[in-house]
Structures are given as structure tokens and as C-alpha cells.
Amino acid sequence: MIILPAIDIQNGQCVRLRQGDAKEATVYGSSPEAMAVKWEMEGARYLHVVDLDGAFRGSAVNRRAVEAICHATAIPVEVGGGIRTEEDVEAYLALGASRVILGSAAIEKEGFAAAMAKKYGPSRVAVSIDARGDVAASHGWTDGSGKKVIPFAEELVRSGVSTIIYTDISRDGMLTGPNFAMMEQLNRILGISLIASGGMAEAGDLQRLAAMGVWGAICGKALYEGRITMEDIRKIQEA
């Protein structure tokens, strides 16, 4: 299983939110680029980067910071937040991102995610399903879409989108453990490459996801606060 340290960018800083609330941010560093280099040097194999300002505003805000991360590191970087058009997808891939993450655009523009996966390759396009209960949210997690998680994920995979990032918003940044029940259901979808997100609290959570056969997991607040270490991550990735 690949474990991706999370770098969330708000106002040019590296932060973590509680339950997706922009007003509940904890700053962990003034330089997202330096944080990315730190995680790479300590053994990260992939980075998960989100332009939080872009997610809430609907367009790229911290693109220069993302570009700096891509240029400063040699490992793959996936990027999300405010990617709503094909021009946005092209721009981030041109900056050096290995994969772009679609959220609101995948929900609101029928066929958009499938078209991007077909044009750029399924390994370069992911869809983030961020859910309140079993309903996907959009616009920086502020709006409900009416789309149920499992049927939406099945529809995406049938259309050619293989990489799905699932986050239980109620658990994100809360250190309560991920929603294993939903992860199990999603991971049964034939052809899915599931990335688990939201609520990682200890190395045991990552070990349990690895045992389930989940493709990847995103680690944020627990990593920044030392509850999970890069040594833990290296051991799980090498197992």
C-alpha cells in the first residue's frame, strides 16, 4: 500500500482542517515546498497536495506553491482543489503533477471525469468522493450533491476512472480512525484503485487498510502531530 503524506495549502501555508471547515485550520508550516522535501527525504513515495483556497473558491489559488513542490521533489505528486475545467487539468499536468484530482467537477459535469481519464490516462486522473454520511459533497465540502457514495463510485469506475479517493468528512482531522465499513464496500468494486482518507489516528489504522488490500492511504494530522511516524509508514510500505 502506498501512503501519501498530505500537504494542504491555505493562504500559502501548510495547514490541516477539522472536518473540512476552513475556519478550523491549524498551521504546521509556512513553506509547503519545504514540507514536501521533508516528507520525501524521510521516505514518502507519493505526495497528496490540495489547494484548499482553490477548493473553496472554485479556481486555482496556490498554483505557484504546487509548482514549487513538483519541481523540488522527485516523487509523484497528486494535486486537487479547484480543478474544474480541462484547462485546469492540462495546467497542473504541465506543471509536473503526476495526477490531478477532480471533485466538484466530477459531480456536476456528467462525463467530465471519464473524458479526462480517457484523454490523459486513468493513472493521471482521480476522483475524490468526499462524503457526509453516504452522500458526496462538493464545493470545498460545503454542499451536498445528492449522489450516494457507492453508486457514484461504481459509475465512475465503469466509465474508466479507476483511482477513487474516499474521505469521510466527519472524521477528517479528528483522529478517530477512518470509516472502515465504507472502505470495505468501496474496495469490493471491480477495477477500483481506492485511496483511503480521513481520520487516520495510528499506525494500526494504516496496517488494517493495507490488510484489506486498499491501494493507498492519505495521512495528514496524525503524521504532523507525531501519532504516526515516517518510520511507521516506511515499514508498512515495505511489508
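- At least one side-chain heavy atom of Asp172 sits under 4.5 Å from a side-chain heavy atom of Arg16.
- Counted within 6.0 Å of CZ on Arg171, heavy atoms from surrounding residues, nucleotides or ligands total more than 12; the atom is thus considered enclosed.
- In this structure, Asp8 contributes its side chain and Cys14 its backbone to no donor-acceptor pair below 3.5 Å.
- Proximity of Pro122 to Ser162: side-chain heavy atoms (C-beta onward) are separated by under 4.5 Å at one or more points.
- Taking CD1 from Ile83 and CD from Glu90, the interatomic distance works out to 12.5 Å, rounded to the nearest 0.5 Å.
- In plain terms, the two heavy atoms of Ile107 and Ala136 that are nearest each other are CD1-CB, 4.1 Å.
- Of all the heavy atoms in Pro5 and Leu223, the pair that sits closest is CB-CD2, 3.7 Å.
- Partners of Glu42 under the salt bridge (Lys or Arg N to Asp or Glu O under 4.0 Å) rule, at least two apart in sequence or in another chain, are Lys38.
- Residues Val127 and Leu93 are members of one and the same hydrophobic cluster, defined by side-chain heavy-atom contacts under 4.5 angstrom among Ile, Leu, Val, Met, Phe, Trp and Tyr.
- A 4.5 Å side-chain heavy-atom check between Arg227 and Met200 finds every atom pair outside the cut-off.
- Residues passing the side chain to side chain contact (heavy atoms under 4.5 Å, CB included) test with Ser31 are Glu33, Ala34, sequence neighbours excluded.
- The shortest side-chain heavy-atom distance between Thr26 and Val15 does not fall under the 4.5 Å cut-off.
- In terms of heavy atoms, Val157 sits closest to Gly191 at CG1-C, 4.1 Å.
- In this structure, Ile195 is not a member of the same hydrophobic cluster as Leu102, with clusters built from ILVMFWY side-chain heavy atoms closer than 4.5 Å.
- Atom CG in Asn187 sits 12.5 Å away from atom CH2 in Trp215 (nearest 0.5 Å).
- Between Val79 and Val50 there is no side-chain heavy-atom pair separated by less than 4.5 Å.
- Under the 3.5 Å distance criterion, the side-chain polar atoms of Lys109 are matched with a main-chain donor or acceptor of Arg84.
- In this structure, the side chain of Glu78 does not engage the main chain of Ala97 through any donor-acceptor pair within 3.5 Å.
- Ala65 and Ile9 get closest at one heavy-atom pair: CB-CD1, 4.0 Å.
- From Asn62, atom CG reaches atom CD of Gln13 across 10.0 Å, with rounding to the nearest 0.5 Å.
- Taken from CG in Leu95 to SG in Cys70, the straight-line distance is 6.5 Å, to the nearest 0.5 Å.
- Each of Asn179, Leu4, Thr167 was compared with Ser197 under the side chain to side chain contact (heavy atoms under 4.5 Å, CB included) criterion, and only Thr167 meets it.
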(request) Run the numbers on Asp134 and Ile150 for side-chain contact (heavy atoms from CB on, under 4.5 Å), then give the verdict. (result) CA-CA 8 Å; Asp134 65 346; Ile150 298 299; over 6 Å; no

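- Residues passing the salt bridge (Lys or Arg N to Asp or Glu O under 4.0 Å) test with Arg124, sequence neighbours excluded: none.
- Cluster annotation: Ile101 is not connected to Ile7 through the hydrophobic network of ILVMFWY side chains, with a link wherever side-chain heavy atoms come within less than 4.5 Å.
- Within the 4.5 Å cutoff, the side chain of Val125 has no heavy atoms near those of the Arg99 side chain.
- Side-chain contact between Pro32 and Ile69 is present, with heavy atoms from C-beta onward closer than 4.5 Å.
- Residues Leu194 and Ile165 do not share a hydrophobic cluster, clusters being chains of Ile/Leu/Val/Met/Phe/Trp/Tyr side chains in contact below 4.5 Å.
- Judged by distance alone, with hydrogens and angles left aside, the side-chain atoms of Asp205 form a donor-acceptor pair with the main-chain N or O of Ala201 at under 3.5 Å.
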(request) Show the numbers, then the answer: is there a side-chain contact (heavy atoms from CB on, under 4.5 Å) between Thr73 and Leu47? (result) CA-CA 9 Å; Thr73 57; Leu47 294 173; 4.2 Å; yes

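- Ring-plane geometry between Trp39 and Tyr224 is classed as perpendicular, the angle between the planes exceeding 60 degrees on a 0 to 90 degree scale with a lower cut at 30.
- Atoms OG1 and CG, from Thr163 and Leu156 in turn, are 11.0 Å apart once rounded to the nearest 0.5 Å.
- Within the structure, ring pair (Phe, Tyr, Trp, His ring centres under 6.0 Å) pairs that include any residue of residues 166-205 do not occur (at least two apart or interchain).
- Surrounding CD of Glu225 are more than 12 heavy atoms belonging to other residues, nucleotides or ligands, all under 6.0 Å away.
- Among residues at least two apart or in separate chains, salt bridge (Lys or Arg N to Asp or Glu O under 4.0 Å) pairs with a member in residues 48-65 are Arg63-Asp88.
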(request) Please report the C-alpha distance between Ile233 and Ile228 in whole Å, then the side-chain angles of each, then the deciding distance to 0.1 Å, and finally whether the side-chain contact (heavy atoms from CB on, under 4.5 Å) criterion is met. (result) CA-CA 8 Å; Ile233 288 174; Ile228 295 173; 4.1 Å; yes

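- Linking Ile, Leu, Val, Met, Phe, Trp and Tyr whenever their side-chain heavy atoms come within less than 4.5 Å leaves Ile164 and Ile218 in two separate clusters.
- To the nearest 0.5 angstrom, Met182 atom CE is 8.0 Å from Asp168 atom CG.
- Ala153 pairs by the side chain to side chain contact (heavy atoms under 4.5 Å, CB included) definition with Ile129, Leu186, Ile189, not counting sequence neighbours.
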(request) Check the pair Arg45 / Ile75 against side-chain contact (heavy atoms from CB on, under 4.5 Å), numbers first and verdict last. (result) CA-CA 6 Å; Arg45 295 181 180 176; Ile75 57 177; 5.6 Å; no

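- Between Tyr46 and Ile3, the closest side-chain pair of non-hydrogen atoms is not below 4.5 Å.
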(request) Applying salt bridge (charged side-chain N to carboxylate O under 4.0 Å, His left out), run through Glu154 and Arg188 and close with a yes or a no. (result) CA-CA 10 Å; Glu154 291 173 335; Arg188 294 190 194 109; over 6 Å; no

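- Lys221 contributes a side-chain N or O that, together with a main-chain N or O of Gly173, makes up a donor-acceptor pair within less than 3.5 Å.
- The closest side-chain donor-acceptor pair between Tyr92 and Glu67, if any, does not fall under 3.5 angstrom.
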